[in-house]
S.K.: 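The structure is given below, and queries will be raised subsequently.
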Amino acid sequence: MKKTLLIVIILFLPAVMWGGEGKTVEYTVNGNLYEGYVINQNRKAPLVLLIHDWDGLTDYEIKRSRMLAELGYSVFAMDLFGAGVRPTEINDKRRLTGELYKDREKMRSLMKGALEKARSLGGDTGNAMVAGYCFGGAAVLEWARSGESLKGFISFHGGLKTPEGQDYSNTKGRILVMHGTADKVVSMDEFAALAKQLESDGIKHEMITYSGAPHAFTVFGSQRYQEEADKASWKRFTDFLKMQLKQ
């Protein structure tokens, strides 16, 4: 009897281990290995999923995860490139993101797989939102168009174009887009086009621009970092989480 009870405890241990300490976790999607980062608070904590930029899941996403955890959220930072795949060369970054832009179904399956992993670890996926940076912001909007049942989709200086043949008619959660008016990668024309499409499709949304903020304005330590826009967007982000998620 004791041996049976011990086996049951071991089997369910990953789902009941809680606390504010983050850790790296491996998981598989379609037979391939990925490596995310998780911080679980408690079973009642709202869940925030994070999607990385084109350099993969790095210390940046881990820092943002810890900032969210300090506010009481459970966090799962997902990996869309594969375990150990953290590109440093521009060509590699373009290749990896380009492959996913060309295969939208794969991109969606990777995000869905990460969501399932977060759920298996005890994350409250019924009370969750997702946020992404740059490439991750574009992935967030792809997920919104897929009809995933999350409460919100947040893009920081992300790609805003809607692929041909897609729209937001299946979107279930609210959308928050934060963008720099000095962004030379994603134009204000694309920003306006997205706003018109969301309005046309009847999707509840909020779109904010920050004067003088270039692309990637939230990336600490980079030449593009703009402290004022970073702090303002972070405050709006955290206020948005409080408004939409059950505490």
S.K.: Grab the two heavy atoms, one from Leu176 and one from Phe237, that are nearest each other, plus how far apart they are.
M.R.: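 So the minimum-distance heavy-atom pair works out to CD2-CA, 4.2 Å.
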S.K.: Could you grab the distance from atom OG1 of Thr58 to atom CG of Asp55, nearest 0.5 Å is fine?
M.R.: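 If we round to the nearest 0.5 Å, Thr58:OG1 and Asp55:CG are 4.5 Å apart.
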S.K.: Parallel, tilted or perpendicular, judged at 30° and 60°: which one describes the rings of His179 and Phe191?
M.R.: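 Because their plane-to-plane angle is under 30°, the rings of His179 and Phe191 count as parallel.
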S.K.: What closest approach, in Å, do Glu206 and Ile208 show between heavy atoms, and which atom pair accounts for it?
M.R.: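 Looking at all heavy atoms of both residues, the shortest contact is OE2-CD1, 3.4 Å.
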S.K.: Taking the side chain from Gln226 and the backbone from Gly212, do they hold a donor-acceptor pair closer than 3.5 Å?
M.R.: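 A pair under 3.5 Å: yes.
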S.K.: Looking at CZ of Arg145 and CD of Gln166, how far apart are the two atoms once the value is rounded to the nearest 0.5 Å?
M.R.: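 That separation rounds to 4.5 Å.
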S.K.: State, with a plain yes or no, whether a side-chain heavy atom of Pro46 is found less than 4.5 Å away from one of Lys246.
M.R.: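 With C-beta onward as the side chain, the pair stays apart.
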S.K.: Nearest 0.5 angstrom please: Leu121 CG to Ser74 OG, how far?
M.R.: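 It is 10.0 Å, given to the nearest 0.5 Å.
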S.K.: Assess, by modelled atom type and distance only, whether the side chains of Tyr60 and Asp53 contain a donor and an acceptor separated by less than 3.5 Å.
M.R.: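 Result is no, nothing qualifies.
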S.K.: Is the backbone of Lys117 close enough, under 3.5 Å, to the side chain of Ser120 for a donor and an acceptor to pair up by distance?
M.R.: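 Yes, the answer is positive, given that a donor and an acceptor are paired below the 3.5 Å cut-off.
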S.K.: Under 4.0 Å between a Lys/Arg side-chain N and an Asp/Glu carboxylate O for Arg86 and Asp59?
M.R.: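 No, Arg86 and Asp59 are not salt-bridged.
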S.K.: Does any N or O in the side chain of Lys151 come within less than 3.5 Å of the main-chain N or O of Met129, such that one atom is a donor and the other an acceptor?
M.R.: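 Judged by distance alone, no pair lies under 3.5 Å.
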S.K.: Just checking Tyr210 against Phe217, ring centres under 6.0 Å apart?
M.R.: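 Yes, ring centres under 6.0 Å apart.
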S.K.: If you look at every heavy atom in Met78 and Ala114, which pair is closest and at what distance?
M.R.: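 Closest approach of Met78 to Ala114, heavy atoms only: CB-CB, 3.4 Å.
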S.K.: Which pairs with one or both residues in residues 175-191 pass salt bridge (charged side-chain N to carboxylate O under 4.0 Å, His left out), sequence neighbours excluded?
M.R.: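 Every pair satisfying salt bridge (charged side-chain N to carboxylate O under 4.0 Å, His left out) with a residue in residues 175-191: there are none.
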S.K.: I'd like to know if Glu61 and Arg64 make a salt bridge, using a cut-off of under 4.0 Å between side-chain N and carboxylate O.
M.R.: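 The answer is no: the pair does not qualify as a salt bridge.
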S.K.: Find the distance between CE (Met243) and CG (Asp239) and round it off to the nearest 0.5 Å.
M.R.: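 Answer for the CE-CG pair, Met243 versus Asp239, is 8.0 Å.
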S.K.: Do Trp234 and Ile39 land in one hydrophobic cluster if side-chain heavy atoms of ILVMFWY residues count as linked below 4.5 Å?
M.R.: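 Different clusters: Trp234 never reaches Ile39 through Ile, Leu, Val, Met, Phe, Trp or Tyr contacts under 4.5 Å.
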S.K.: Between Phe220 and Lys63, is there a cation-pi geometry (under 6.0 Å to ring centre, at most 45° from the normal)?
M.R.: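 Flagged: Lys63 positioned over aromatic ring of Phe220.
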S.K.: Between Met67 and Val140, is there a shared hydrophobic cluster once you connect ILVMFWY residues whose side-chain heavy atoms come closer than 4.5 Å?
M.R.: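 No, it is not one cluster - the side chains of Met67 and Val140 are not joined through contacts under 4.5 Å.
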S.K.: Within the distance-only criterion (no hydrogens, no angle test), does the side chain of Asp201 pair as donor or acceptor with the backbone N or O of Ile203 below 3.5 angstrom?
M.R.: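 No; zero donor-acceptor contacts below 3.5 Å.
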S.K.: Would Glu99 and Arg95 pass as an ion pair if we require N to O under 4.0 Å?
M.R.: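 Salt bridge flag = yes for Arg95 with Glu99.
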S.K.: Kindly state whether the ring of Tyr37 and the ring of Phe76 have centres lying under 6.0 angstrom apart.
M.R.: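 Ring centroids of Tyr37 and Phe76 are no less than 6.0 Å from each other.
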S.K.: Please assess Leu49 against Leu115 for the test side chain to side chain contact (heavy atoms under 4.5 Å, CB included), listing each intermediate value before the final yes or no.
M.R.: CA-CA 8 Å; Leu49 299 132; Leu115 182 67; 3.8 Å; yes
S.K.: Within the 4.5 Å heavy-atom criterion, are Asp124 and Lys44 side-chain neighbours or not?
M.R.: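 In short, these two side chains do not touch, never coming nearer than 4.5 Å.
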S.K.: Please confirm whether the ring centroid of Tyr168 lies under 6.0 Å from the ring centroid of Phe153.
M.R.: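 No.
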S.K.: So Leu241 and Val48, do their side chains get closer than 4.5 Å, heavy atoms only?
M.R.: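 The answer is yes, as the side chains (C-beta and beyond) meet within the 4.5 Å cut-off.
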S.K.: Evaluate the side-chain proximity of Ile62 to Leu57: yes if any heavy-atom separation is below 4.5 Å, no if none is.
M.R.: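 Yes. Closest side-chain heavy atoms under 4.5 Å.
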S.K.: How long is the span from the CG atom in Leu194 to the CD1 atom in Ile175, to the nearest 0.5 Å?
M.R.: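 Nearest 0.5 Å value for the CG-CD1 distance: 7.0 Å.
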S.K.: Which pair of heavy atoms, one from His52 and one from Leu80, lies closest together, and at what distance?
M.R.: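 Looking at all heavy atoms of both residues, the closest pair is NE2-N, 3.0 Å.
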S.K.: Show your reasoning for whether side chain to side chain contact (heavy atoms under 4.5 Å, CB included) applies to Leu110 and Phe81.
M.R.: CA-CA 9 Å; Leu110 291 175; Phe81 290 165; over 6 Å; no
S.K.: Side chain to side chain contact (heavy atoms under 4.5 Å, CB included) between Leu198 and Thr171: does it pass, once the steps are laid out?
M.R.: CA-CA 10 Å; Leu198 293 175; Thr171 300; 6.0 Å; no
S.K.: State, to 0.1 Å, how close Ala69 and Val75 come at their nearest heavy-atom pair, and which atoms those are.
M.R.: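 So the two residues come closest at N-CG2, 4.2 Å.
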S.K.: Do Met107 and Tyr27 sit in one hydrophobic cluster, given that two such residues count as connected whenever their side-chain heavy atoms are within less than 4.5 Å of each other, even indirectly?
M.R.: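 Yes, because Met107 and Tyr27 connect within a single hydrophobic cluster, where side-chain heavy atoms sit under 4.5 Å apart.
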S.K.: Heavy-atom count around Gln223 CD within 6.0 Å, excluding the residue itself: above 12?
M.R.: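 At most 12 heavy atoms, drawn from other residues, nucleotides or ligands, come within 6.0 Å of this atom.
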S.K.: Hey, any chance Leu68 and Met178 share a hydrophobic cluster, counting ILVMFWY side chains that come within less than 4.5 Å of each other, even indirectly?
M.R.: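 In one cluster with Leu68: Met178, yes.
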S.K.: Side chains of Ser146 and Arg108 only: does a donor on one sit below 3.5 Å from an acceptor on the other?
M.R.: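 No donor-acceptor contact under 3.5 Å links the two side chains.
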S.K.: Taking all non-hydrogen atoms of both residues into account, name the closest pair between Val219 and Tyr225 and its distance.
M.R.: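 Here Val219 and Tyr225 meet closest at O-CB, 3.2 Å.
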S.K.: Would Lys172 and Glu148 pass as an ion pair if we require N to O under 4.0 Å?
M.R.: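 Salt bridge between Lys172 and Glu148, a charged N being under 4.0 Å from a carboxylate O: no.
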S.K.: Dump the intermediate steps for side chain to side chain contact (heavy atoms under 4.5 Å, CB included) on Leu47 and Thr125, then the final yes or no.
M.R.: CA-CA 7 Å; Leu47 174 66; Thr125 55; 3.9 Å; yes
S.K.: Ignoring hydrogens and angles, tell me if any N or O in the side chain of Asn170 forms a donor-acceptor pair with the backbone of Gly147 under 3.5 Å.
M.R.: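 Not confirmed, Asn170 side chain does not pair with Gly147 backbone.
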S.K.: Applying salt bridge (Lys or Arg N to Asp or Glu O under 4.0 Å), run through Lys231 and Glu227 and close with a yes or a no.
M.R.: CA-CA 6 Å; Lys231 289 184 176 180; Glu227 184 177 15; 2.8 Å; yes
S.K.: Within a strict 4.5 Å, meaning less than it, do heavy atoms of the Trp143 and Leu141 side chains meet?
M.R.: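 Counting from C-beta outward, Trp143 and Leu141 never come under 4.5 Å.
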S.K.: Checking ring-ring contact (aromatic ring centres under 6.0 Å, His included) between Phe135 and each of Phe156, Trp54, Tyr101, which is the one that passes?
M.R.: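 Testing each of Phe156, Trp54, Tyr101 against Phe135, the sole residue satisfying ring-ring contact (aromatic ring centres under 6.0 Å, His included) is Tyr101.
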S.K.: For atom CD of Glu199, is the number of surrounding heavy atoms from other residues, nucleotides or ligands below 6.0 Å larger than 12?
M.R.: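 12 or below, so no.
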S.K.: Indicate, with yes or no, if Leu150 and Tyr133 share a hydrophobic cluster defined by side-chain heavy-atom contacts under 4.5 Å among Ile, Leu, Val, Met, Phe, Trp and Tyr.
M.R.: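 No, separate clusters.
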S.K.: Once you round to the nearest 0.5 Å, how far does CD of Glu142 lie from CD1 of Ile51?
M.R.: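 Interatomic distance, Glu142 CD to Ile51 CD1, rounded to 0.5 Å: 10.0 Å.
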S.K.: Answer whether the closest heavy-atom distance between the side chains of Leu33 and Glu26 falls below 4.5 Å.
M.R.: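 Answer yes - side chains close enough.
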S.K.: Are the side chains of Val177 and Leu160 in contact, using a 4.5 Å heavy-atom criterion?
M.R.: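 Leu160 reaches Val177 side chain to side chain.
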S.K.: Please check: side-chain N/O of Gln41 versus main-chain N/O of Tyr73, any donor-acceptor pairing under 3.5 Å?
M.R.: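 Yes, Gln41 side chain to Tyr73 backbone: donor-acceptor pair under 3.5 Å.
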